Number of protein chains: 2
Amino acid sequence: MMKNNITMRDIANKLGVSTVTVSKALSDKEGVSDELKLKIKQLAAQMGYRYNTTAKAMKEGLSHNIGVIIPERFTGLAQSFYLIVYKQISLLLEQAGYFGILSILSDQDEEQLQIPKIYAEKKVDGLIILGQISKGYIQLVQEMDLPKVFLDFYDEHSDIDAIVTDNFYGAYELTNYLISQGHTKIAYVGNINSTSSIQDRYLGYYKSLLEHNIKLDENLVISDRDERGKYIELELPNSDLPNSPQNMPTAFVCNCDQIAYLLIQKLNSKGYAVPKDCSVVGFDNDIYATIATPHLTTMEVNFEQMSSIAVKYIIDKISSPSLKLGRVLVQGNIIHRDSVQNVK
Amino acid sequence: MMKNNITMRDIANKLGVSTVTVSKALSDKEGVSDELKLKIKQLAAQMGYRYNTTAKAMKEGLSHNIGVIIPERFTGLAQSFYLIVYKQISLLLEQAGYFGILSILSDQDEEQLQIPKIYAEKKVDGLIILGQISKGYIQLVQEMDLPKVFLDFYDEHSDIDAIVTDNFYGAYELTNYLISQGHTKIAYVGNINSTSSIQDRYLGYYKSLLEHNIKLDENLVISDRDERGKYIELELPNSDLPNSPQNMPTAFVCNCDQIAYLLIQKLNSKGYAVPKDCSVVGFDNDIYATIATPHLTTMEVNFEQMSSIAVKYIIDKISSPSLKLGRVLVQGNIIHRDSVQNVK
DNA sequence: CTGAAAGCGCTTACAG
DNA sequence: CTGAAAGCGCTTACAG
């Protein structure tokens with residue numbers, strides 16, 4: 001293959017200087033006269049010189065790439081939210097002089113504990129894991145010899161640093177808000193054994209009930225997905241008795257906007273209007289929040305801040321491996337829309 | 001910074017052989033006895049050796065990265081479709097031994113003809129440009145010294161290879177279908193000067209009209225966005241006369257599903273029901289197709305095939321720079337749903 | 001079957 | 001202010 005690469009050597013030869021001088025001039029280091037520096041820069045531009053990052057990487061032993069691993073199940077047409085977060089991360093990385101490499105983790109690779117190529121081939125200096133992975137895979141990641149951080153989930157049994165939205169407090173606030181609007185019979189929708197987020201949101205909901213002396217009713221905890229994360233048909237309490245609204249909750253705390261969206265469809269199909277008959281709140285403030293009719297009152301997750309902390313941390317950790325972050329909780333923000341009715 | 005890197009040197013030293021032998025053994029090359037080869041592989045695994053791609057990249061002058069440039073305006077919450085395509089591309093690249101680096105092109109960088117970092121720093125061996133860029137930027141890309149391909153748009157004035165869906169034929173088919181259902185007064189929705197896709201879809205619509213001896217009515221060509229791509233309020237024909245349905249088209253060919261979705265809302269707000277009063281077809285089969293009520297009859301774009309051609313081509317082109325692809329048209333596929341009424 | 005030498009394009013540490 | 005030497009971790013071409 002023909003290559004017409006311009007290197008520092010070429011510039012040096014043309015000017016009768018050494019590559020050392022060219023290197024110093026191009027990176028604005030001391031030890032070259034201003035005059036020569038200018039001449040070198042001009043010639044470089046004129047010759048179409050491009051800096052070879054690979055050589056630098058070789059020298060430093062650092063690729064200046066950060067890997068972002070996302071489990072495939074979180075990247076479908078309907079759930080492209082993490083891809084938007086990835087975009088954000090890649091932008092922030094670039095501003096910091098790094099580049100992101102996306103690695104989609106298939107269900108199969110996750111199950112078979114397949115080591116990601118980006119790690120096995122030393123493609124990256126650090127890893128951001130975006131989206132809950134299995135226990136086994138967490139352990140695999142933990143043994144990897146580079147800085148890593150979990151984003152949007154954590155694991156209580158490993159000490160990998162994690163950045164999550166304040167799920168607990170968010171659901172707590174949302175439930176408090178429903179109660180302030182006069183609701184007392186409030187359901188929670190989500191499989192509370194499937195991810196740490198869903199579980200923590202559930203606990204926040206529960207805390208709010210406790211504080212208001214409302215007894216937790218297990219019949220009002222409605223699962224939304226199987227253990228593999230696949231959505232299942234929602235079962236309304238008393239769904240076999242469509243005409244007994246007195247047994248229905250007056251409000252639903254959904255673990256995410258998409259489920260809130262699906263729940264509303266289900267409620268409508270059973271003859272319940274939202275928010276007239278039932279109030280519904282979501283979580284995430286993603287695209288489903290404004291696709292739903294009515295638009296959802298929900299908890300906005302501050303992904304920009306979360307991404308920004310993740311990027312800053314992972315880069316800092318490359319130069320200071322002893323850095324510890326622990327578990328960072330990023331506060332969300334209630335967005336008031338039209339899915340909650342005041343029943344006082 | 002402490003580094004505990006295992007290199008081929010370390011393995012070689014432990015075994016009292018040369019790095020050449022280790023290199024050959026690990027990459028299954030000839031010239032090492034099977035016995036020694038096995039011993040080397042075992043020791044490598046045991047020592048936790050990871051292959052250093054950067055060294056290989058240095059040697060070959062090839063990074064084994066492919067850059068994917070997406071203009072920022074195509075990556076919003078509501079339009080994350082290209083990010084899903086990016087995911088697909090990154091998966092295909094990984095299968096082929098490459099990695100994708102996403103580079104989001106901001107409006108500002110596009111306007112100021114800022115050279116992408118991934119190019120200036122020789123981070124990538126090839127470039128996939130996903131989504132229409134400005135004329136000026138096309139020229140900048142054209143001058144770049146590496147293989148590149150346009151995905152989902154093309155430019156008639158440059159000879160960069162391009163892979164697009166068959167917009168022309170797709171809109172032609174969709175319009176034919178509407179006519180077969182008895183429609184004759186058919187509008188087109190889209191700014192026909194904004195992108196090659198919208199323009200070609202318009203021309204396909206027009207060809208169908210011509211073939212059926214239906215006169216093109218310029219009042220039925222409705223713009224949907226300004227020259228910067230920002231959506232504008234849709235103006236229905238005769239929208240000032242809400243009660244004169246006799247002047248309304250009975251069908252609308254929309255340049256994309258999102259606009260079809262917005263159009264339906266607009267129609268509803270003016271008192272027109274879809275598909276009872278007006279039929280609507282979309283294009284893309286993206287998330288808006290099933291968010292809309294009714295669900296849209298639309299043209300499914302075969303992005304999997306398009307991505308796969310793009311990846312294959314760019315990789316082939318790295319080893320055979322003289323390769324030419326021209327403009328590849330990938331056929332779409334009509335998806336029949338509920339937004340078209342037979343009016344015969 | 002095995003290995004010494006050279007080189008990919010930079011940078012660092014040192015000498016002048 | 002300027003540059004010769006060495007080295008980052010591999011691979012290729014050649015010699016034995």
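Each chain gets a letter, A, B and so on, in the order the sequences are listed, and its residues count up from 1. Quantities reported herein were computed from a predicted structural model and do not represent experimental measurements.
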Exercise for review: State whether the side chain of Lys317(A) and the backbone N or O of Leu323(A) hold a donor-acceptor pair below 3.5 Å, judged by distance alone.
Suggested key: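 Side chain of Lys317(A) to backbone of Leu323(A), a donor-acceptor pair under 3.5 Å: yes, one is there.
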With a 4.0 Å limit, can you tell me whether [X] has a side-chain N or O closer than that to the phosphate oxygens OP1/OP2 of [N]?
{"X": "Tyr49(B)", "N": "dC10(D)", "value": "yes"}
{"X": "Thr7(B)", "N": "dG9(D)", "value": "no"}
{"X": "Ser33(A)", "N": "dT2(D)", "value": "yes"}

Point to revise | Salt-bridge contact Glu94(A)-Lys87(A) (side-chain N to carboxylate O under 4.0 Å) | key: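 Looking at Lys87(A) together with Glu94(A), the answer is no, because their closest N to O distance does not fall below 4.0 Å.
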Check your understanding: Any ion pair linking Lys117(B) and Asp109(B) (charged N to carboxylate O, less than 4.0 Å)?
Key ->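 A salt bridge is absent here (no side-chain N lies under 4.0 Å from a carboxylate O).
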Point to revise | Mate of dA13(D) where both pairing distances stay under 3.5 Å, Watson-Crick or G-U | key: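 Paired with dA13(D), as far as the under-3.5 Å criterion goes, is no nucleotide at all.
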Check your understanding: Can you tell me the Watson-Crick or wobble partner of dA4(C), both distances under 3.5 angstrom?
Key ->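 Looking at the geometry, dA4(C) pairs with no nucleotide.
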Review point. Any donor-acceptor pair under 3.5 Å joining the side chain of Lys122(A) to the base of dG9(D)?
Key: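 In this structure, the two groups form no donor-acceptor pair.
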Point to revise | Side chain Lys59(A) and base dG9(D) donor-acceptor under 3.5 Å | key: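 Not at all, since no donor on one side and acceptor on the other fall under 3.5 Å apart.
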Practice item. Could I get the full list of side chain to side chain contact (heavy atoms under 4.5 Å, CB included) partners for Lys39(A), not counting sequence neighbours? Key: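 Result, side chain to side chain contact (heavy atoms under 4.5 Å, CB included) vs Lys39(A): Leu36(A).
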Listed nucleotide nearest any side-chain atom of [X], set [options]:
{"X": "Thr21(B)", "options": "dT11(D), dT2(D), dT2(C)", "answer": "dT2(C)"}
{"X": "Ser23(A)", "options": "dT2(C), dT2(D), dT11(C)", "answer": "dT11(C)"}
{"X": "Val17(B)", "options": "dT11(D), dG3(C), dT2(D)", "answer": "dG3(C)"}
{"X": "Ser18(B)", "options": "dC10(C), dC10(D), dA4(C)", "answer": "dA4(C)"}
{"X": "Asn5(A)", "options": "dT11(C), dG9(D), dG9(C)", "answer": "dG9(C)"}
{"X": "Met58(A)", "options": "dC8(D), dC10(C), dG3(D)", "answer": "dC8(D)"}
{"X": "Val20(A)", "options": "dT11(D), dA5(D), dG9(D)", "answer": "dA5(D)"}
{"X": "Lys29(A)", "options": "dG3(D), dA4(C), dT12(C)", "answer": "dT12(C)"}

Length of the [atom1]-[atom2] vector between [X] and [N], whole Å:
{"X": "Lys37(A)", "N": "dG3(D)", "atom1": "NZ", "atom2": "P", "result": "15 Å"}
{"X": "Glu35(A)", "N": "dT2(D)", "atom1": "CD", "atom2": "P", "result": "9 Å"}
{"X": "Glu60(B)", "N": "dG9(D)", "atom1": "CD", "atom2": "P", "result": "18 Å"}
{"X": "Ile6(A)", "N": "dC10(C)", "atom1": "CD1", "atom2": "C1'", "result": "16 Å"}
{"X": "Leu15(A)", "N": "dC1(D)", "atom1": "CG", "atom2": "P", "result": "17 Å"}
{"X": "Lys24(B)", "N": "dA15(D)", "atom1": "NZ", "atom2": "P", "result": "14 Å"}
{"X": "Tyr51(B)", "N": "dC10(D)", "atom1": "OH", "atom2": "C1'", "result": "6 Å"}
{"X": "Asp10(A)", "N": "dC10(C)", "atom1": "CG", "atom2": "C1'", "result": "13 Å"}

Review point. Is the number of heavy atoms from other residues, nucleotides or ligands under 6.0 Å of Glu111(A) CD greater than 12?
Key: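 Not buried by this count: 12 neighbours or fewer within 6.0 Å.
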**Study point:** Sugar-phosphate only, base, or nothing, as touched by Met8(B) at under 4.0 Å among non-hydrogen atoms
**Key:**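 Sugar-phosphate, no base atom in range.
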Check your understanding: Does the pair Ile160(B) and Lys148(B) meet the rule for a side chain to side chain contact (heavy atoms under 4.5 Å, CB included), with working shown?
Key -> CA-CA 7 Å; Ile160(B) 297 180; Lys148(B) 51 235 162 196; 4.0 Å; yes
